[in-house]
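Working notes, structure below.
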Amino acid sequence: MVVTTIISYLFLAVGCFLIVVASIGIIRFPDVYSRIHPAGKSDTLGQAMIFIGLMIYEGLSFVSIKLLIIVIFIFITNPTATHALVNAAHAAGLKPWEKGDDRN
Amino acid sequence: MFDAVATIIVFAAILVLYRVIKGPTIYDRVLAANAIGTKTVVLIALIGFIYERPHFLDIALVYALINFIATIAILKYQEMGRLD
Amino acid sequence: MIELILGKYNYWVYITLMMIGFYAMIEKENLIKKIIGMNIFQTAVFLFYISIAKVKGGTAPILWEKEGIPYDNPIPHVLILTAIVVSVSTTAVALALIIRIFKEYGTIEEDKILIMSEVSGKQDSTENSKFLSSTSLLQKGE
Amino acid sequence: MIDLMLLLFLVVCAIAAVSMKDLLSTTIILGVYSLIMTVVWTRLNAVDVAFTEASVGAGITTVLIIAALSRTKREEEGQEYGMWSKLLNPQDLKLTDKQSPLLWLTSLFIVLITGAVLIYGTIDMPDFGDPDAPANIHLAKRFIEESYEETGVPNFVTAILASYRGYDTLGETTVIFTAGISLILLLRRKSYICDTTIKEKEMKEHIVIRTISRILIPFVQLYALYVIAHGELSPGGGFQGGVIFGSSIILYVIAFGLEEGRKVRIFREMGDLLNSTGVLIYAGIGVLCLLAGGAYLEYDKLPLGSEKMASSLGIYGIEIGVGITVAAVMITIFFITARHER
Amino acid sequence: MEIIQSAQPLYTVAVSLLAIILIGLSGNKDPNLRESWTILAAIIKFFMVVSMIPQILDSKVIEYSLITLLPGLEIKFRVDALALTFATTASFLWIITSFYSIGYMRTLKEHAQTRYFMCFAGAMAGAIGVAFSANLFTLFLFYETITFCTFPLVAHSEKPDAIKGARKYIVYLLGTSLAFQLFAIFLTYNVAGTLEFSNQGILAGKASNALLTVIFILFIAGVGKAAMMPLHAWLPAAMVAPGPVSALLHAVAVVKVGVFTVVKVILHVFGIDLLSQLGLGTCLAYFASFTIIVASVIALRQDNLKACLAYSTISQLSYIVLGVALLAPSGITGSILHITMHAFAKITLFFTAGTIYLVTHKTRISELAGIGKQMPFTMSAFAVASLSMIGIPPLGGFLSKWFLAIGSIEAKQIPIIIVLATSSILNASYFLPIVHAAFFKEPHYAKHQSPKPKQNMLEAPALVLIPLMITAIGTLVLFLWPSLFLDLARIVVAGVTGEN
Amino acid sequence: MTLTESLPILVIIIPLISAIIIPLIGRIDKSIAFAFVISANFLSFIISISLLNTVMETGRISYWLGGWEPPWGIEYVVDYLSGFVLVIVSFIAFIISVYAKKSVEMEVEGEKILPFYSIYMLLVTGFMGMIITGDIFNLYVFIEISALAGYALIAIGKKRAALIASYNYLVLGTIGATFILLGIGYLYMATGTLNMADLRERLPMLYDSKVVLTAFAFITVGLSLKLALFPFHIWLPNVYNHAPSVVSALMAATSAKVIAYVLVRIMFSVFTMKFDLEVVPVTKILLFLSVIAIIAGSVLAIAQTNIKRMLAYSSIGQIGYIVLGIAISNQLSMTGSLIHLLNHALMKGTLFLVVGAVVYKTGMEDISSLKGMGKKMPFTMAAFTIGALSMIGVPLTVGFVSKWYLALGALKAGMWFLVFIILVSSLLNAVYFWRVIEGIYFHQKPKVRSQKSTTKDSIESLKPEIQNQDDAPVGMLIPTLILAGLCIVFGIAAFIPVSVVTPIVNMLLEV
Amino acid sequence: MNFVFTSIIMFVFWILLSGEFHFLLMLSGIVFSLFVAYISHDLLIGSDNIRLFSTRMLRFCRYVPWLVWQILLANLDLVYRTLHPKMPIDPQVIRFDTALRSDIGITVLANSITLTPGTVTIVANQDGEFIVHAIARKPAKDLLAGEMQAKVKRVEG
């Protein structure tokens, strides 16, 4: 095992962890607005982590460049989608959950 | 390692699927579907590495680029009632 | 028996999906629902085809420098590419029809439409007479 | 393990999609279904199919269904009888409805019969992944061993698709063309309602979406063309590229509105021309082969340098033809379906 | 037996087909031209038929094969003695009927006369075609031609009752022929491998008795035109047709084609030997007897003159079937003679009925009292024809009944003689009262019609009257000089019994 | 490769390219587009004939698309059977395209005429492709091309019910097509090949494999759905009823024929007689279904008041005839079945064209609207009469020839009751057609328009004998009369089609 | 100018994607880049002039590392909140105006907010008005402190 492999595995593990956490968050949180936080952030970062791990594993090549491109685009599109989502929810008049409300 | 990661991600996706089906609002569903979308991108890339064939990345790139369209379309319809 | 089940799990899943889609196609009243069922129905068949193509330990059918690894069968992939295109086209036409149906009937529930067409037997005939007058105009124009 | 989970996922999605009343939710679930399907395809090494599923599922099907929803109705009507209550409490059902238990049982019966026949057929099948299954030895072996030599295309799928079974692909392109013309025939009207209040609101609120779309679209388009051009080397090809190109325009329309899209990008007239042009390129290359003294679509005979070069260029040409058709038709279809009219 | 290949049969049939076209072309614009085509065609046809007589009397057969559609399906004509008997009668009567039609139609100023004459010519082409057919397919073809050509004639008036009657007509004729006759033809071809008529029959020894019986029953049931009970109902229903049509239908074209088909089937498809071996002839004979008696009894109860005549026809047709079914030489002779004899007598009767309607618009027997004084010629013809029907010498009907009676003795079927006798008595009992009433009863007028109308001569126009006189005289002539038909009948008998 | 050798592909490519070009060329001038359609159809008709001719002389033609030897590439096969069906379909398509102009102008909105013709040509392309291909997957592709084209053409019918008809057709058609696709997959799985000839070689040793059985079951059911064989017929009446007249005519005259052809191909050319008779009781099932179809189709036809619908139900019965012959599967019945492909195309073509002309003239589709038409449209109605008589099966028309062979085939197979069924169905045909004929010639015209222009009518009514003759335009009349004429010509000269069909039957039954 | 610039960007993108330097592919790369630039050159860069665009790009690159750091923090925070059994969240909706006016600036800020600690942009409209959802009190306060706004303002120039 080379060092890069170990580092890449580390990244993979972290990314994996983040994605699972995000999934739990999506299930656990009480309303759209709060669920959007794990979905919009942890997911994106977890994804990025995994891709970075893969990049490190692969070394410098066109494959890594492609991975990088994917990461960049994910970072562009994901928050936009997230924003669009809350924006729409807001426009539809959905009230955010506040502390003390019953969980639905 | 890749296999394990992929399995865990599928597992996470199944968790999220609960939210897709359960809702309760349409936004929850879109949100969860979007989350599954990002997981899919990862999965496809991972599978490419499992098989040692990097060709799969092209597919992941498709999702990175255009998965967003469906989300926008759903939201626009939800908000405006039309797509044009 | 267990071998039978485990050795072919892909096929069992495809059968299940196919039945779900088929059920939706013939049982659902909502026209769009039918189309969604149709999509599932068709992808089930695709799954079947692709399952045929899989070879144990095989790799994607694109030329690879690495020797000694079997390639998966490319033919079903080719066939399914075509079939997917057909499926998309059919879906598009079906949706166009549904839009037109909604415009004419104001609903996309099959049972309601059926009731309407039964009731509107008269209406159709008035349409017919409208049609008639337009044709007679056309003939006068000749 | 992972495969089983994915397959289970598919089944759950399918059931959920079929049983939900809200059609928009159903559409979303169908989108998820398509996502997972893509993963399954990649797991099964069907990269080209996965590519197609990805582009179609993300770019076209969902959007089209939503467009159709926007012009019809979102809720599925009908009484809320679940599958089981129908079976267990038939007395609850209103017999006046069309959905009488008898009818329902009939359809269930048909479905079960079909399933039974399928299961019966499966018993004799070779095991999943069996390399000695007849399907994997007869034609496939030869294609895998010789197609690269014969056509110079490293992607076997593309080699078969464009060369050995190039005629099927012409048929496929014709199907798309047919769908496009059918939609023109069925839906196109001249009148169009443009709601300006919506437009203004959009301008103000959707600034982020618009900016990102603007940045993204050129990349998507170039990527589409890349997919078309690299069909011979890697997964993808004319169809997938065409769909992605089409979705870039769709994205534009969704973000900026149809009027904008029509004014600036693709004229309606031009769209019609392009519909035909693509197929014409494809069929025309075939005719050229005929004129060059070969069989229909026998690219080798084209007078373009060496046989391999000719073959490669021929395949490239038809990929472009397919791409143009698909992109044009997808745009046409979307324009026609999404447009609200009087 | 010498066979001459000649296209003459084809020309004979084609004459009337050509006439259809010419009539159609002349159309309504020039009625005289149109009708002269009819007359011309009728006369030419008659002479063409007659011109073949010498050859046939010479024991020769004229054959002509037009076209082979498929193996086994051949349009082929063959003129033999049996064919010629029928053809001569039919073509002669067509001339007469044509004149009568012209007079009738013009007097009544009927509509759609062009169609009428076209269909008339078509029906005649069919009748001659059936007569000259050399195989079952050709026969079936012309049989259906007649069905379709006579439908417009029956429905001529286009009034609801006419349409209704015509519908019944087509249902019976087309129905039986499609369902049973065609079935029988299929079976025959399947069994025998050919549809060609032959003097020995084509089915002998080819299939089990049961199957042959089935085929026979199907054939008999399939010939609705023969109006055997219980498939007779179309005939009275078709009485809505104009007078000349009724005459044509009931004396010549349709019903005679029916019995002719039955005769053909018995003699040339099954053959006498086979039928007697199967014992089916006797069965059919008794079946025919049943029709004879029952139809006569029904005729007795009719008040409508044409209906009465119709039932009489039903009964008389069965005579012909009966004669052949006896499978005895004299019986066959009787049958063949009866085709002609009955044709002349019955056409006279229908002409008379038509004339009465034409002049007085009366259709009921009860209204005919005293009409003999108004229309003496007509009613005399009626009387002569009735006597022929009953079988009183010196009129044609006697001859045929005589031979039939001899035939039944030859066949050792004594009960048949009783049937014949009974039937004659019944005939007498429904015809003679009419004659009696017409000549010897005072017409009873409605009470309020105080000034008695003068008993003027009210005879019909000459164009109507002369034809019916000719046919009435014909019955007499046929008794006196029957040699032609007897010779022809003898040749037929010689052919089918194999004795020379 | 010379032009003659390329004919098998040209017969498809010409309509295809014309379909593609029509939207372009129509931009310049619409009438050119129409001329284009006719000439393309005519060309492919001529090519079909020459193909059939070549086949007669030299035997089976195989064309390798892309120059790849089968089974690697797709193969086009013209043998007796496909040549025969090709001629039928291209001929009908040609005739109807000549007929189409006026009718389409009336029934289709102006701006949609061009796409209409384009799709018309695509439909034809789909049919031709299905016939000529020797590759089982290519077959599926062309089935779908024709199906999609069909959906659109049906849906533009004037009444809104056309949409429902089209939609239901789409759903059922897709189920059918997907079943076919599935069957093809099973076949591929069992044999590893897609070429029909290759399949035929490889299948016999797999006849007891459950996979092959399932494949066969699915393909047959799928085709039956498309064919509208009895329990799957529900979509057909609405489709024929509501589609524009030209489309009804084309579909009625060719669609079922082509699918029946495919069924024959699969049953006898991919699989063998042995399989059909011994391994699966498919012939028995088909026999049973076709008998029901024959009777049910005819009985339901009697109950109709709309003439197109009546003809549609009658088509169901006639499809039953075709399948019946296939199911009996001896030499005579197969001849009957194949000949009926031609005959029914001619008869139904005639009848639907007549109905189209009537719709063009009066705008009505009820049976009662034909009343008194005998005087108004004598030639058209003469064509109807010929078609109807042919349907009844009167000798000297094509209908009789089919019945003759079917009945003899049934008798040869020892199935008496089938003859009875055939004859009963003739009778039922007679009932519903005679009703119409009677109306045409012996009923007075219903006074529909008299309310509008009373004065004019009253003048006309003074001379009832000379009702003004107002027949369909020549462009519609001539095709109708040609088809009607052929009903008689091939009824008399039946040996011509039979001489074409006999070698086909010998080939299929391996005699 | 826009056109040339876009096509150059596109061609670079092509090379990165393709990784093949085959003659035919390079040629088509050039053609396609020009084609895409032709139909979409007004999209990528918009109405801005090139210089502004490129300086913004450069400044944006300097902004990215800070952003990445913030994202990492955000995630740690979120992981804590998600996995904590009591789920210590207290959502807030806050509203503020910024001085940003350009589309790109607003977009960058909005997406940065979305990616960073506990906040999600709900509304970002052309007038620079923002509505933000924060998962707890602290992130809201941090956002209102305005560090990020300032940095984005610097990018916008």
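Numbers restart at 1 for each chain; the letters A, B, ... are given by sequence-line order, proteins then strands.
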Using non-hydrogen atoms only, which part of [X] is less than 4.5 Å away from chain C: side chain, backbone, both, or neither?
X        : answer
D:Ser19  : backbone
D:Thr122 : both
D:Val11  : both
D:Met37  : side chain
D:Leu44  : both
D:Ser147 : neither
D:Ile333 : side chain
D:Leu161 : both
D:Pro126 : backbone
D:Ala133 : neither
D:Val40  : side chain
D:Thr61  : side chain
D:Leu112 : both

Among [options], who wins on heavy-atom pairs under 4.5 Å with chain C?
options                                : answer
D:Leu8, D:Ile15, D:Leu69               : D:Ile15
D:Phe334, D:Tyr148, D:Phe239, D:Phe143 : D:Phe239
D:Asp132, D:Leu118, D:Thr72            : D:Thr72
D:Thr114, D:Ile176, D:Leu23            : D:Leu23
D:Val153, D:Leu4, D:Val243, D:Val49    : D:Val49

4.5 Å side-chain heavy-atom contact, [X] and [Y]:
X        : Y        : result
C:Pro61  : D:Ile144 : no
C:Leu79  : D:Arg165 : yes
C:Asn39  : D:Tyr33  : no
D:Phe156 : C:Ile62  : no

Query raised in the report: Would D:Val111 and C:Ile26 count as a side chain to side chain contact (heavy atoms under 4.5 Å, CB included) if you check the C-alpha gap in whole Å, the side-chain angles of each, and the deciding distance to 0.1 Å?
Result: CA-CA 9 Å; D:Val111 171; C:Ile26 58 180; 3.8 Å; yes
Is [X] reaching over with its side chain to a backbone N or O of [Y], donor-acceptor style, under 3.5 angstrom?
X        : Y        : value
C:Lys56  : D:Pro131 : no
C:Asn10  : D:Phe128 : no
C:Lys8   : D:Ile123 : yes
C:Lys33  : D:Met20  : yes
D:Asp130 : C:Val55  : no
C:Arg100 : D:Leu186 : yes

Heavy-atom distance under 4.5 Å to chain D: side chain of [X], backbone, both or neither?
X       : result
C:Ile98 : both
C:Ser51 : both
C:Trp64 : neither
C:Ile20 : both
C:Ala53 : backbone

Give the minimum heavy-atom separation between [X] and [Y], together with the two atoms involved.
X        : Y        : result
C:Ile52  : D:Asn136 : O-OD1, 3.5 Å
D:Ala140 : C:Asn73  : CB-OD1, 3.1 Å
C:Pro74  : D:Ile160 : CG-CD1, 3.6 Å
D:Val157 : C:Val78  : O-CG2, 3.6 Å
D:Gly115 : C:Met19  : CA-SD, 3.5 Å
C:Ala60  : D:Val47  : CB-CG2, 3.8 Å

Rounded at 0.5 Å granularity, tell me how far [atom1] in [X] sits from [atom2] in [Y].
X        : Y       : atom1 : atom2 : value
D:Thr337 : C:Leu95 : OG1   : CG    : 7.5 Å
D:Asn45  : C:Ile50 : CG    : CD1   : 10.5 Å
D:Ile65  : C:Ile36 : CD1   : CD1   : 4.5 Å
C:Ile108 : D:Lys73 : CD1   : NZ    : 7.5 Å
C:Ile32  : D:Thr26 : CD1   : OG1   : 9.5 Å
D:Thr169 : C:Leu81 : OG1   : CG    : 8.5 Å

Looking at [options], which makes the most heavy-atom pairs under 4.5 Å with chain D?
options                    : result
C:Phe46, C:Tyr14, C:Phe22  : C:Phe22
C:Ile101, C:Thr59, C:Ile35 : C:Thr59
C:Val85, C:Val13, C:Ile84  : C:Val85

Requested in this report: Please test C:Ile40 against D:Leu30 for side chain to side chain contact (heavy atoms under 4.5 Å, CB included), starting from the C-alpha separation and ending with a verdict.
Outcome: CA-CA 8 Å; C:Ile40 295 172; D:Leu30 200 67; 4.1 Å; yes
**Report entry** Test side chain to side chain contact (heavy atoms under 4.5 Å, CB included) applied to C:Leu47 and D:Leu7, step by step
**Finding:** CA-CA 10 Å; C:Leu47 180 60; D:Leu7 292 174; 4.2 Å; yes
Report task. Let me see the working for C:Tyr71 and D:Glu145 under side chain to side chain contact (heavy atoms under 4.5 Å, CB included), right down to the final yes or no. Result -> CA-CA 10 Å; C:Tyr71 289 105; D:Glu145 280 160 10; over 6 Å; no
